[in-house]
Colleague: 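Let me begin by handing over the structure; questions about it come next.
From a predicted model like this one, the values you see are computed outputs, not experimental measurements. Start at 1 with the first residue, then count along the sequence.
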Amino acid sequence: VSYNIMKKIDYYILREFSTTFLIVSLFFTLISLIVDIFENLNRFIDNQVTLNILISYYKASLPSMVSVTIPVSCLVSSVFTYGMMIQRKEWLVFKSSGLSLYRLSFPVLLLGLILSIGFFFFDNSVVIENNKKKNEIKNTYMSKNKNKSRDKSVFENVYFQINEKDLAAVEKFNSNNNVAVNLSFIEIDNGVLLRRIDSKKAIWNDTISMWNLKDYSIREFEENGLEKNVIISKNDSLLALKFKPDDIIQTASKSEEVSFNELKNQIISLEKNGVNTLRRKVDLNYKIAYSFISIIVIFCGIPLSVYRSNTTLAFGGGLSLATIFAYVILLKFGQSLAYGGVLSPFFGAWMSNIIFISVGIYLMINARK
C-alpha cells in the first residue's frame, strides 16, 4: 500500500473514530447533566436557587462531566469504529491489501496517547479550578445551613499533623481574614504529651508570620502526664505555631480540588517535617495512572472489537461498559491496597493499568490480524 493511500486510510479511521467520539461524549455529558439536575432538583427548590446561580453551577460542573465521559467515549468509539469496519467488510479489504491490525490501530492509538496527555493537563487545571467554583456555589447557595458555610473560604473541623511531634486542629477557619476559631496545638514526644495550646480565636499576622491568640491557655506537662505549668489569659499573645493559613487550606481541600503540582508540593513539605505522606503519594500516583485510561481502554477495545465478525451496537455498548466497570473496580481496589500499605503507592495506583495493558497485549497478539 502506497504512502498516499495509507494516509487516506489513516484519515478515514481517525474521522470515523472522532465522529463517534464527539457524538458519544455529547450524549454521555448530556445524560450526566440531566441526571445531576434531577438529583439536585429538590436542593435547588428548597434553597430558592436563581437561574444565574444555576447557570454558573452547571458551567463549573461541565468540565468534570466531560472529564468523566472521555474514557468511556474513547472505548466506545474504538469498539464501534473497528467493529463497524468488520461489518461493512472494510476489514477484509484492508487485510487483503496486506495491512495488519497493528498498522490499522496505530492512528487511533496515537490519538489516544494525545488524549491521555491532554486529559492529564485538562484534569489538573480546568477541572480542578471549576470544581473549586462548583463546590463554592454548592456550599454558598445549596447548603442546608447557608449561614454557617457561606463560601469555600470557610473550612471546618480541620485536623492535620505538622511534623512528627506537632499536631493541630481547627474547628473553623476563614481564609478571607485568616481567622481561626477554637484552635488547638499539641506537642507530643514518643507518645507523651508535652504541651497543649488552646485558643478560642487566633488571627494570622502575615507581617511577622505569627498567630495572634485571644482568650487562650498554654499547658505544659511532665512525663507522667501531670501539669507543671499553666498559663490562662484573656489578653492577646503572638506565638509561632509552626503552621500557616496555607497549611490549613491545603489540608482541608478535597482531592478533586488539588492539582498534581499542589499535591506534589504538599508531599515535599510534609516529608521535610517527618509526616507520613502515604495516602498523598497514592493519590499523586493515581492522578498520573488515571490520566492514561484513554489510551489503555483503546488498546484493549480495538482487538476486542475484531474478535467478532458481527459486532453490533448492543454488543459494542455492553462490552464498553463492562470493560470500563472492570477497570474502575481494579483501579479502586489497587488504591485501597496502597492506602493500607499492602502495595506501594506506585503499584497500587498502576495495578489496573498494568493488568489491562497485559490483557491488551495478549488480545493484540491473538486477535485476527
Colleague: Using a 3.5 Å distance criterion without hydrogens, assess whether the side chain of S77 forms a donor-acceptor pair with backbone atoms of C74.
Modeller: no

Colleague: What heavy-atom pair brings F185 and L241 nearest, and what distance separates the two atoms?
Modeller: CE1-O, 3.1 Å

Colleague: Tell me whether I53 is reachable from L33 by hopping between hydrophobic residues (I, L, V, M, F, W, Y) whose side-chain heavy atoms are closer than 4.5 Å.
Modeller: yes

Colleague: Hydrophobic cluster membership, with links at side-chain heavy-atom distances under 4.5 Å among I/L/V/M/F/W/Y: are L110 and Y12 in one?
Modeller: no

Colleague: Given the rule in the side-chain contact (heavy atoms from CB on, under 4.5 Å) test, do D206 and N178 qualify, once you have shown the distances and angles that lead to the verdict?
Modeller: CA-CA 9 Å; D206 197 46; N178 287 332; 5.7 Å; no

Colleague: Give the ring-plane orientation class for W204 versus W211, where under 30° counts as parallel, over 60° as perpendicular and anything between as tilted.
Modeller: perpendicular

Colleague: Has the side chain of N174 got a donor or acceptor atom that lies under 3.5 Å from a matching backbone atom of N176?
Modeller: yes

Colleague: How many angstroms lie between atom OG of S97 and atom CD1 of I5, to the nearest 0.5 angstrom?
Modeller: 8.0 Å

Colleague: Once you round to the nearest 0.5 Å, how far does CE of M364 lie from CG of L101?
Modeller: 5.0 Å

Colleague: Under 4.0 Å between a side-chain nitrogen and a carboxylate oxygen: does that hold for D10 and R103?
Modeller: yes

Colleague: Testing the basics here: between K134 and S64, what is the closest heavy-atom pair and its distance to 0.1 Å?
Modeller: NZ-OG, 4.0 Å

Colleague: Work out which heavy atom in G112 is nearest to a heavy atom in S294; give both atom names and the distance.
Modeller: O-CB, 4.2 Å

Colleague: What is the minimum heavy-atom distance between Q335 and V282, and which atoms define it?
Modeller: CG-CG1, 3.8 Å

Colleague: Look up atom OG in S217 and atom CG in D198, then write down how far apart they are to the nearest 0.5 Å.
Modeller: 4.5 Å

Colleague: Are F119 and I357 connected in the hydrophobic side-chain network, where two residues link if heavy atoms are under 4.5 Å apart?
Modeller: yes

Colleague: Answer whether the closest heavy-atom distance between the side chains of F243 and L183 falls below 4.5 Å.
Modeller: yes

Colleague: Can you say whether the rings of F356 and Y327 are parallel (under 30°), tilted (30 to 60°) or perpendicular (over 60°)?
Modeller: perpendicular

Colleague: Evaluate side-chain contact (heavy atoms from CB on, under 4.5 Å) for F221 paired with N229, printing each intermediate quantity in order.
Modeller: CA-CA 7 Å; F221 300 87; N229 191 23; over 6 Å; no

Colleague: If you measure from NZ on K200 to CG on N182, what distance do you get to the nearest 0.5 Å?
Modeller: 8.0 Å

Colleague: Heavy-atom distance under 4.5 Å between the side chains of Y82 and V108, does that happen here?
Modeller: yes

Colleague: Please answer: with hydrophobic residues joined when any side-chain heavy atoms are less than 4.5 Å apart, are L62 and V68 in the same cluster?
Modeller: no

Colleague: Is S305 reaching over with its side chain to a backbone N or O of I302, donor-acceptor style, under 3.5 angstrom?
Modeller: yes

Colleague: If the threshold is 4.0 Å, N to carboxylate O, is there a salt bridge linking E129 and K132?
Modeller: yes

Colleague: For the hydrophobic clusters of this structure (ILVMFWY residues joined by side-chain heavy atoms under 4.5 Å, transitively), does one cluster hold both I365 and W91?
Modeller: yes

Colleague: So, do I324 and V328 sit near enough that their side-chain heavy atoms are less than 4.5 Å apart?
Modeller: yes

Colleague: Any sub-3.5 Å donor-acceptor pair from T69's side-chain atoms to V66's backbone N or O?
Modeller: yes

Colleague: Using a 4.5 Å cut-off on heavy atoms from C-beta on, say whether the side chain of S116 contacts that of I293.
Modeller: no

Colleague: Could you walk me through whether K138 and R43 pass side-chain contact (heavy atoms from CB on, under 4.5 Å), step by step?
Modeller: CA-CA 10 Å; K138 187 182 290 186; R43 297 177 70 182; 3.6 Å; yes

Colleague: What heavy-atom pair brings F44 and I37 nearest, and what distance separates the two atoms?
Modeller: CE1-O, 4.3 Å

Colleague: Distance from L331 atom CG to I355 atom CD1, nearest 0.5 Å?
Modeller: 10.5 Å

Colleague: Just wondering, do F299 and L363 contact through their side chains at under 4.5 Å, heavy atoms?
Modeller: no

Colleague: For the pair F260 and F120, evaluate ring pair (Phe, Tyr, Trp, His ring centres under 6.0 Å) and give the outcome as yes or no after the intermediate values.
Modeller: CA-CA 9 Å; F260 178 84; F120 175 80; 5.4 Å; yes

Colleague: Looking at every non-hydrogen atom in both residues, tell me the closest pair between I13 and L104 and how far apart they are.
Modeller: CD1-O, 3.7 Å

Colleague: Are any of the side-chain heavy atoms of F122 and V127 separated by less than 4.5 Å?
Modeller: yes

Colleague: Do Y216 and N235 get their side chains close enough for a donor-acceptor pair, meaning under 3.5 Å?
Modeller: no

Colleague: For residues N40 and Y57, determine if any side-chain heavy atom of one lies less than 4.5 Å from a side-chain heavy atom of the other.
Modeller: yes

Colleague: Do Y286 and K332 come within less than 4.5 Å of each other through their side chains, counting heavy atoms only?
Modeller: yes

Colleague: What distance separates S25 OG from L30 CG, expressed to the nearest 0.5 Å?
Modeller: 12.0 Å

Colleague: Between E227 and R219, does any side-chain N to carboxylate O distance fall below 4.0 Å?
Modeller: yes

Colleague: Output, in order, the C-alpha distance, side-chain angles, deciding distance and verdict of side-chain contact (heavy atoms from CB on, under 4.5 Å) for I354 and F347.
Modeller: CA-CA 9 Å; I354 293 169; F347 281 109; 4.0 Å; yes

Colleague: Can you tell me if CD on E223 sees more than 12 non-hydrogen neighbours from other groups inside 6.0 Å?
Modeller: no

Colleague: Could you point out which residue of D123, N130, N131 forms a side-chain hydrogen bond (donor to acceptor under 3.5 Å, both in side chains) with S67?
Modeller: D123

